[in-house]
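Atoms within a ligand are numbered from 1 in the order they appear, just like the ligands themselves.
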Amino acid sequence: MTARSATPARIAVLVSGSGSNLQALLDRIAHEPGFGGEVVVVGADRDDALGLTRAREAGIPTVVQRLRDHPDREAWEQALRHDVAEQRPDVVVLAGFMKILSATFLDGWPGRVINTHPSLLPAFRGAHAVREALEHGVKLTGSTVHLVDELVDHGPIIAQRAVEVRPDDDEERLHERIKTVEHDLFPTCVGLLCRGQLRVDGRTVTVLPAPEPSAAPPLTDQE
Ligand code: GRF
């Protein structure tokens, strides 16, 4: 990927739930000069997502497309893509977005959709990663940030960080500790994507050195 920009990359964030990862991203952008991105729209698949409230409090435009308001998934994805695209994002961030997206949506931002998942992939894909890690009795789980392809929790891995499972953990306690890690790791990876510092060769992602501030070439589509 050769995306680099002298102006901040435009970021769309999709949420379904509490949006604590959205908040962590907004906080990072606010406190890190040179982050290289700004959130221009927050989208959701439900109108009661707390992440929408966080976005509105930050003055960020929001869009909602509920699956049940459309005849099928294809129509829903087209509508979501249309609404998000109106804000011309360069990058799409899935921050606890609980629906699977196909090429109908993803083709709008090839190689520029990023997700955070609460396990050490490829272990425990899917919506119940924390519960399944506990049930399996693993001693280590964690956080994975990856680029999104059409398979669930499958695309090239950007970064991972381990979290120890404690004997007295339940799903909520373990997930909270994973989220604490995500809140640091995910914004870091979003920044790398925004600044064009990720090179993807097949499944292997390499982090490139930060561009010189004065030498940053304009943001372009990926190669
Ligand atoms: C995170 O743990 C993320 O990994 C998973 O959903 C959770 C979202 O949490 N995909 P929040 O809505 O950002 O608080």
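Ligand 1 is never approached by Gln23 to a heavy-atom distance shorter than 4.0 Å. The shortest heavy-atom distance from Val15 to ligand 1 is not under 4.0 Å.
Of all atoms in ligand 1, listed by their number and element, those nearer than 4.0 Å to a heavy atom of Glu182 are 1 (C), 2 (O), 3 (C), 4 (O). Short contacts between ligand 1 and Ser18, defined as distances under 4.0 Å to a heavy atom of the residue, involve ligand atoms 11 (P), 12 (O), 14 (O).
Of the protein's non-hydrogen atoms, Thr116 O, 3.2 Å is the one closest to atom 10 (N) of ligand 1. Among protein heavy atoms, the minimum distance from atom 5 (C) of ligand 1 is reached at Pro118 CD, 3.9 Å. Remark: minimum distance from atom 2 (O) of ligand 1 to any protein heavy atom is reached at His175 NE2, 2.6 Å.
When atom types are taken as modelled, the side chain of Arg81 and the backbone of Thr104 share a donor-acceptor pair closer than 3.5 angstrom. One N or O on the side chain of Asp90 and one on the backbone of Arg10 form a donor-acceptor pair closer than 3.5 Å.
Heavy-atom neighbours of Glu32 CD from other residues, nucleotides or ligands within 6.0 Å: above the threshold of 12. Crowding of Ile100 atom CD1: a count of heavy atoms from other residues, nucleotides or ligands under 6.0 Å not exceeding 12.
The shortest N or O to N or O distance between Gly19 and ligand 1 is under 3.5 Å. For a threshold of 3.5 Å applied to N or O pairs, the pair formed by Asn115 and ligand 1 contains no separation below that value.
In the hydrophobic cluster analysis, where Ile, Leu, Val, Met, Phe, Trp and Tyr join through side-chain heavy atoms closer than 4.5 angstrom, Val148 is grouped apart from Leu121.
Residue-level proximity to ligand 1 for His117 is carried by the backbone, the only part with a heavy atom below 4.0 angstrom.
The heavy atom nearest to atom 8 (C) of ligand 1, considering only Ser20, Ala127, Ser16, Gly96, is found in Gly96.
Gln160 and Thr144 share a side-chain donor-acceptor pair at under 3.5 Å. Side-chain contact check for Thr188 and Arg28: at least one donor-acceptor pair (N or O, by modelled atom type) lies under 3.5 Å.
The only member of Asp47, Asp83, Asp48 that meets salt bridge (charged side-chain N to carboxylate O under 4.0 Å, His left out) when paired with Arg66 is Asp47.
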